[in-house]
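Below: the structure, in structure tokens.
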Amino acid sequence: PTFGVNGIFYADERLPNPITYYVVEDTSVFRENTEEIKAYRTDTKLFPTLYKRDFAVEELSPEIGFFRMNAGFYGRGTGTECHPRFSTDPRQRVYCGQSVTLINLQLAYWMGFFRVVLIGMDFSYTIPDDADRKGDVLTSNSDDVNHFHKDYFGKGKTWKDPKLDRVLVNYALARDMFAADGR
């Protein structure tokens, strides 16, 4: 089983099989790629409930699921800004952690995966000199230099400052959660 995220549809022709689970957390990614995300063929698509309103009733199917996403990590008035948390039951909620892969790790844990391998995980970023910045939001004015396709976060697309130190803390918690369960 495989998980793909965000703009994985840019690599679809290079993948040997359809992705099993496709997950998008980021609001900019969803907003700027809605049609591509809806059209992407995969076994199962999983999205935060906040995107359900973007689907017409006839677009919904058993292959599309929604989960309650707690974004308190991003400091949205919950008192939990930058505090890593890990859900063992996504039927209740999943926690954000500065990367959509943290959502995937919580889903994989709940699904019973014993071992998880991250392939192609971005953990080195260059913010181009020509990018516009407004707080933590960056707008690209040229091709994406950080991903496998120039359009991933290419010209005109917005993306958030990666803050890899925060991702690392969340990965440590995910590792510890799996290890505590003998996985």
Side-chain angles (χ1 to χ4, degrees), residues 1-8 19-33 37 42 44-52 64-127 131 133-140 144 146-148 152-153 157-183:
T2 54
F3 286 78
V5 301
N6 297 336
I8 192 67
I19 295 294
T20 312
Y21 303 102
Y22 175 55
V23 181
V24 177
E25 168 203 347
D26 189 288
T27 53
S28 293
V29 169
F30 192 86
R31 184 180 63 250
E32 295 172 1
N33 301 283
I37 289 167
T42 182
T44 303
K45 294 179 183 180
L46 300 167
F47 305 113
T49 54
L50 66 106
Y51 301 138
K52 192 169 187 176
I64 300 174
F66 297 91
F67 54 85
R68 291 178 55 213
M69 180 175 75
N70 182 304
F73 186 82
Y74 301 130
R76 299 193 174 130
T78 64
T80 57
E81 181 177 9
C82 299
H83 292 243
R85 294 181 290 170
F86 191 93
S87 174
T88 58
D89 187 355
R91 294 172 300 176
Q92 299 299 314
R93 77 190 50 78
V94 294
Y95 297 103
C96 293
Q98 202 68 40
S99 170
V100 66
T101 55
L102 275 300
I103 300 275
N104 292 344
L105 288 167
Q106 292 167 80
L107 293 168
Y109 181 94
W110 178 73
M111 291 174 181
F113 284 76
F114 185 80
R115 183 173 179 213
V116 177
V117 178
L118 300 178
I119 300 172
M121 172 52 204
D122 311 315
F123 215 79
S124 175
Y125 291 89
T126 299
I127 298 175
R133 179 187 279 271
K134 185 174 183 181
D136 287 335
V137 178
L138 303 156
T139 302
S140 295
D144 186 339
N146 296 303
H147 292 87
F148 58 85
Y152 197 101
F153 285 134
K157 298 249 178 129
T158 58
W159 50 296
K160 287 145 182 116
D161 187 332
K163 299 183 180 180
L164 296 177
D165 57 323
R166 295 180 182 184
V167 177
L168 192 57
V169 170
N170 280 283
Y171 277 162
L173 175 59
R175 177 202 61 217
D176 293 347
M177 292 296 293
F178 273 84
D181 197 25
R183 300 195 246 169

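These numbers come from a predicted model, not from an experiment.
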Would you check, one step at a time, whether the test side-chain contact (heavy atoms from CB on, under 4.5 Å) holds for V116 with L105? CA-CA 8 Å; V116 177; L105 288 167; 3.7 Å; yes
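- Residue K52 qualifies as open at atom NZ: its count of foreign heavy atoms under 6.0 Å is 12 or below.
- Side-chain contact annotation: E32 with T158, donor-acceptor N/O pair under 3.5 Å present.
- A side-chain contact (heavy atoms from CB on, under 4.5 Å) with W159 is found for one member of N146, T139, N6, D136 and no other, namely N146.
- In this structure, the side chain of N70 engages the main chain of G72 through a donor-acceptor pair within 3.5 Å.
- Between D161 and K163 there is no salt bridge, since no side-chain N of the basic residue sits under 4.0 Å from a carboxylate O of the acidic one.
- Distance check: M177 CE to T88 OG1 gives 5.5 Å after rounding to the nearest 0.5 Å.
- By the 4.5 Å heavy-atom criterion applied to side chains, R166 and L102 are not counted as neighbours.
- Taken to the nearest 0.5 Å, the CZ atom of F3 stands 9.5 Å off from the OG1 atom of T44.
- Distance check, rounded to the nearest 0.5 Å: CZ of F123 to CG of L168 gives 4.5 Å.
- Using a 4.5 Å cut-off on side-chain heavy atoms (C-beta onward), S99 and Y171 make contact.
- Residues T42 and Y21 fail the side-chain proximity criterion, which asks for heavy atoms closer than 4.5 Å.
- Atom CZ of R115 has 12 or fewer heavy atoms from other residues, nucleotides or ligands within 6.0 Å.
- Here the CG atom belonging to L118 is positioned 9.0 Å from the CG atom belonging to N104, to the nearest 0.5 angstrom.
- In this structure the side chain of D144 never reaches within 4.5 angstrom of the side chain of K157, judged on heavy atoms.
- Nearest heavy-atom pair across E25 and C96 is OE2-SG, 3.2 Å.
- Between N170 and F73, some side-chain heavy-atom pair lies under the 4.5 Å cut-off.
- Contacts of I37 classified as side chain to side chain contact (heavy atoms under 4.5 Å, CB included), with partners at least two apart in sequence or in another chain: F9, Y22, V24, V29, F30, N33, F47.
- The CZ atom of F153 lies 8.0 Å from the NZ atom of K160; values are rounded to the nearest 0.5 Å.
- With contacts defined as side-chain heavy-atom distances shorter than 4.5 Å, the pair F67/I103 qualifies.
- Of the inter-residue distances, the one linking L173 atom CG with F178 atom CZ reads 11.0 Å to the nearest 0.5 angstrom.
- For F66 and Y51, the ring centers sit 6.0 Å or farther from each other.
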